[in-house]
Every structure is written in C-alpha cells, then in structure tokens.
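The block underneath contains the structure these notes are about, expressed in structure tokens.
All figures in this text were calculated on a predicted structure; none of them were measured in a lab. Chain naming here is simple, since letters A, B, ... match the order of the sequence lines and numbering starts at 1 in each.
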Amino acid sequence: MGDFFSRVYRLVSMIPKGKVVSYGQIARMLGSPHGARTVGWALHGLPDGTYVPWQRVINSQGRISTSCLQHDANLQRQLLEAEGVVFDEGDRVNWAVYGWEGLAWAELDALWHAD
DNA sequence: ACAATGACATAAG
DNA sequence: GCTTATGCCATTG
C-alpha cells in the first residue's frame, strides 16, 4: 500500500460522527484535486479489521456511490442514518447541514507528520 | 513501461 | 433528472 492510501485512511478517520465528505474533497486535502477515484479505490480495498468510517464518504451529489451495492450501499445508508444523517426524497444528503468542513492545512500537515 | 481498473467529477445531450 | 462521454490519479498485472 502506498502512502496515498494511508493518508486517505487517516483523513477519513478524522471525519466527525454525523458528518459526510465527498471523495473530491478528500482528494483535494491530499493534494490531488482530481484524485477522487483513487480515494474511492483506497476505501474499496479497505483492510478488514481496520476501523475507518468509510460510510461518511459519498459522492459530490450527496449520494451513495458504491458500485458494489450488494452489501455496502444499504449498509452505508443505514450506518449514516444511525449517526443522525438524514437523506432527502432524492436519497441525497444536505451538504449545508451534514457536510464536513475538513481540516486546516496545519492540521493536515501535523496528521501526515504524526506517523 | 504499457494497459487496464475503479465506492469519482464534471460537462453535454 | 438521468445517461453518456471524457478527464484524472494511484495501484496492479
């Protein structure tokens, strides 16, 4: 696993309960404005036993993006609702209410440094 | 090094 | 609002 994945995992782990972030947002914080796909890739291959609130990461439309809908999509929504996140009639999340601000550059830098 | 892949993003029809 | 097409990035065979 490369450093990129590790950063994704750490950053996702920092997402507060009841908040959500888009893949693009994470990619931006990692320094790769267009690396959203890679972020999703990282979460897809999430090792078992590693506790990461992956359910708090959704697409820019505020919807569940998971391709493997078989188990995850339903579970993801279930987990988010359990945290207090509400989906509107279009199965979307209100960014203004549940969107995570993210971390400041200083916080991020400290996060990478603390290995 | 090249080609293919994937839980994205955005623009266009 | 939904479907297609194109761009982007890191990982893997």
Nearest listed nucleotide, side chain of [X], among [options]:
X	options	value
A36(A)	dA9(B), dA10(C), dA7(B)	dA9(B)
N59(A)	dT5(B), dA7(B), dC8(B)	dC8(B)
S65(A)	dC8(B), dT10(B), dT5(B)	dC8(B)
S60(A)	dC2(C), dA7(B), dT10(B)	dT10(B)
F5(A)	dA9(B), dG1(C), dA10(C)	dA10(C)
R37(A)	dC9(C), dG6(B), dA7(B)	dG6(B)
Y23(A)	dC2(C), dC8(B), dT11(C)	dC8(B)
L43(A)	dA10(C), dT5(B), dA7(B)	dA7(B)

Roughly, in whole Å, what's the span from [atom1] in [X] to [atom2] in [N]?
X	N	atom1	atom2	answer
F4(A)	dC8(B)	CZ	P	14 Å
R63(A)	dA9(B)	CZ	P	13 Å
D91(A)	dC2(C)	CG	C1'	14 Å
D3(A)	dA10(C)	CG	P	12 Å
H44(A)	dA4(B)	NE2	P	19 Å
Q61(A)	dA7(B)	CD	C1'	14 Å
W41(A)	dA10(C)	CH2	P	14 Å

May I ask you to evaluate whether [X] reaches the phosphate of [N], defined as a side-chain N or O under 4.0 Å from OP1 or OP2?
X	N	answer
R77(A)	dA7(B)	no
T38(A)	dG6(B)	no
H34(A)	dC8(C)	no

Notebook entry, point to check: Looking across every strand, which nucleic acid part, if any, lies under 4.0 Å from R7(A) by heavy atom: base, sugar-phosphate, or nothing?
Noted result: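 Nothing: the residue R7(A), judged by heavy atoms under 4.0 Å, touches no strand.
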
Next item on the list: Going by the side-chain contact (heavy atoms from CB on, under 4.5 Å) test, name the single residue among V8(A), V52(A), L111(A) that passes it with S13(A).
Entry: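 Only match with S13(A) under side-chain contact (heavy atoms from CB on, under 4.5 Å): V52(A).
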
Checklist line | V97(A) backbone acceptor or donor facing K19(A) side chain under 3.5 Å | finding: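 At least one qualifying donor-acceptor pair exists.
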
Margin query: Check whether N74(A) reaches the backbone of R77(A) with its side chain - one donor and one acceptor, N or O, closer than 3.5 Å.
Written below: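 Side chain of N74(A) to backbone of R77(A): no pair is present.
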
Item checked: Side-chain heavy atoms of D88(A) within contact of R92(A), under 4.5 Å ->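 Result yes, sub-4.5 Å side-chain heavy-atom pair found.
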
Item checked: Along DNA chain C (nearest heavy atom to each residue), the more 5'-positioned of G35(A) and R92(A) ->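 Nearest nucleotide further toward 5': that of R92(A).
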
Check: Out of curiosity, H44(A) NE2 to T38(A) OG1, how far, rounded to the nearest 0.5 Å?
Finding: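 Answer rounded to 0.5 Å: 13.5 Å.
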
